Protein chains: 2
Amino acid sequence: MARLPVYQRILEELLRSGTSTVSSELLGAAAQVNAAKVRKDLSLLGSFGTRGAGYDVAFLVEQIDRQLGLDREWTVVIAGIGNLGRALARSQGFAARNFTVAALIDTDPAIIGERIDGIDVRHPDDLPSIVADTSLSIGVITTPAPVAQRVADLLVDAGVRSLLNFAPRVLDVPPGVLLRYVDLSMELQVMSFYQARQLDAGPDARMPRIRSIGRTPAGPS
Amino acid sequence: MARLPVYQRILEELLRSGTSTVSSELLGAAAQVNAAKVRKDLSLLGSFGTRGAGYDVAFLVEQIDRQLGLDREWTVVIAGIGNLGRALARSQGFAARNFTVAALIDTDPAIIGERIDGIDVRHPDDLPSIVADTSLSIGVITTPAPVAQRVADLLVDAGVRSLLNFAPRVLDVPPGVLLRYVDLSMELQVMSFYQARQLDAGPDARMPRIRSIGRTPAGPS
DNA sequence: GTGTGTGAACTTGTTCACAGCG
DNA sequence: CGCTGTGAACAAGTTCACACAC
């Protein structure tokens with residue numbers, strides 16, 4: 001369910017502010033969704049609420065974590081240590097619960113060997129030996145567009161089964177590899193679309209943008 | 001329609017590769033959506049295809065641009081010139097067609113005055129005078145989470161009506177202001193969700209994550 | 001009384017299948 | 001003959017409304 005991470009973010013902030021219990025109405029208001037929707041969503045995971053009282057925040061976070069597969073550790077490799085890669089390597093998002101940056105990759109000799117947040121930048125050729133130590137779950141591509149496909153192939157060869165692509169390039173990956181795009185230009189386009197039309201913000205769906213598993217068929221011969 | 005920017009990205013790559021015409025089947029394959037869906041989507045904008053032949057790529061790009069509100073210039077202000085802000089300021093995404101970075105904002109005296117990609121970093125206090133020159137359409141928040149809300153308020157006060165928030169914080173904005181989140185930790189959570197369940201990538205929807213216009217009601221008193 | 005959990009009505013979005021144009 | 005455009009069938013997701021647990 002695509003709204004779970006949104007709830008999670010809100011619940012975490014509630015936790016930080018010391019709130020221990022929350023109603024579907026409140027959660028819905030913060031997530032900008034209907035209260036009934038919140039209840040439906042949460043009831044799919046089980047009956048976690050207390051009638052008349054609401055949901056226990058800490059317990060809920062834990063349950064959602066389990067649903068999101070956050071009850072295990074995910075190792076992340078960042079490929080392309082430019083401005084963006086550096087930003088991500090140091091960012092809170094990756095330092096977050098259950099995600100560890102396990103490797104940084106770049107081809108530039110001037111960058112290789114640099115230490116960012118305790119991790120050494122290494123050459124793509126080292127990928128096999130890196131994987132020998134720790135298997136890598138998620139690859140983050142922050143390279144220039146022209147080399148994004150090549151980097152994706154390398155990561156997939158190294159056994160990475162999920163790719164998060166920040167490069168403005170449509171990538172082709174083998175079946176079974178999960179591919180997701182975060183694209184600045186697309187984000188801006190969506191904003192201009194809604195703003196240009198003075199729209200009511202469109203559907204409240206927020207998360208989905210998953211693209212793959214399964215083949216992007218090659219063009220015609 | 002949330003899939004338009006996806007089509008746009010693919011069409012641009014087709015243009016670059018010299019393809020002048022494309023079928024709904026091909027476009028659908030690249031965008032990972034059903035061919036019928038592509039036709040439905042495009043037919044909502046008008047009848048642009050040629051039966052038996054397909055769509056003219058260049059013409060289609062132009063039509064979609066118009067739908068996305070990209071027939072005018074959008075000015076972007078980036079608030080928070082850390083690693084991420086710098087990356088975005090220099091990034092291709094913002095250099096793209098119809099988006100111009102018009103201002104960079106930070107409070108750090110060590111950063112103010114620095115020139116990035118031809119734009120001077122200025123203090124938030126200068127916002128009014130900046131707006132006097134060029135009105136700002138879209139605000140991009142790349143500050144640390146704790147100050148994100150304050151920055152959002154400042155931008156809104158300066159007349160910015162659309163916010164793209166990279167800070168891991170739920171923001172509250174007045175009605176009528178469009179708010180959109182790009183959140184690393186959420187992106188990762190979605191990946192882990194799908195990978196943990198070996199899911200088929202879920203719904204092919206990709207873009208929507210629009211959050212606002214309309215009030216985030218304040219909590220109970 | 002308050003707020004969850006859930007069947008049932010409704011709305012939205014997707015897919016099918018095919019008529020008709022180039 | 002290939003491929004678009006589109007009504008009609010279908011599926012998914014959303015909202016309503018209310019019984020019931022606390």
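Every chain is numbered from 1 and lettered A, B, ... according to where its sequence line falls, protein lines coming before strand lines. Quantities reported herein were computed from a predicted structural model and do not represent experimental measurements.
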(request) In whole angstrom, give the distance that lies between atom CG of A:Asp41 and atom C1' of D:dT15. (result) 13 Å
(message) From the set C:dG7, C:dG20, D:dC18, return the single nucleotide nearest to any side-chain atom of A:Lys40.
(response) C:dG7
(request) Assess the side chains of B:Thr75 and B:Thr100: does a donor N or O sit below 3.5 Å from an acceptor N or O? (result) no
(request) Starting from C1' on D:dC3, measure out to OH on B:Tyr55 and report it in whole angstrom. (result) 9 Å
(request) Kindly point out which of D:dT4, D:dA17, C:dT4 is positioned nearest to the side chain of A:Ala36? (result) D:dA17
(request) Give the nucleotide from the list D:dT14, C:dC18, D:dA17 with an atom nearest to the side chain of A:Lys37. (result) D:dT14
(request) Give the rounded distance in Å between these two atoms: CG of B:Leu27 and C1' of D:dC3. (result) 13 Å
(request) Find the distance A:Leu26:CG to C:dG3:P and express it as a whole number of Å. (result) 10 Å
(message) Salt bridge check, B:Asp41 against B:Arg3: does any charged N sit closer than 4.0 Å to a carboxylate O?
(response) yes
(request) Measure from the side-chain heavy atoms of A:Ser24 and tell me the nearest of C:dT4, D:dT6, C:dG7. (result) C:dT4
(message) What is the separation between atom CZ on A:Arg51 and atom P on D:dC22, rounded to the nearest whole Å?
(response) 7 Å
(message) Could you tell me how far apart B:Glu25 (CD) and D:dT4 (P) are, to the nearest whole angstrom?
(response) 9 Å
(request) Kindly compute the distance separating CG (B:Leu163) from CZ (B:Arg180), expressed to the nearest 0.5 Å. (result) 12.5 Å
(request) For the side chain of B:Ser43, starting at C-beta, report the closest nucleotide among D:dG5, D:dC16, D:dA19. (result) D:dG5
(message) From C-beta outward on B:Ser23, which listed nucleotide comes closest to its side chain: C:dG5, D:dT4, C:dT15?
(response) D:dT4
(request) Using atom CD of B:Gln32 as one end and atom P of C:dT15 as the other, report the distance to the nearest whole Å. (result) 13 Å
(request) Look at the side chain of B:Arg39 and decide which nucleotide, out of D:dC22, C:dG22, D:dT6, has an atom nearest to it. (result) D:dT6
(message) Is B:Arg3 close enough to C:dT14 that one of its side-chain N or O atoms is under 4.0 Å from OP1 or OP2 there?
(response) yes
(message) Surrounding CD of A:Glu13 (heavy atoms of other residues, nucleotides or ligands, distance under 6.0 Å), is the total greater than 12?
(response) yes
(request) Taking only the side-chain heavy atoms of A:Ser47 (C-beta and beyond), determine which of D:dG5, C:dG5, C:dT14 contains the nearest atom. (result) C:dG5
(request) Please determine if a side-chain N or O atom of A:Asn34 lies less than 4.0 Å away from the OP1 or OP2 oxygen of D:dG13. (result) no
(request) Would you mind reading off the distance between B:Leu45 atom CG and D:dT4 atom P, rounded to a whole angstrom? (result) 14 Å
(message) Does atom CD (A:Gln149) have a neighbourhood of more than 12 heavy atoms from anything else shown, all under 6.0 Å?
(response) yes
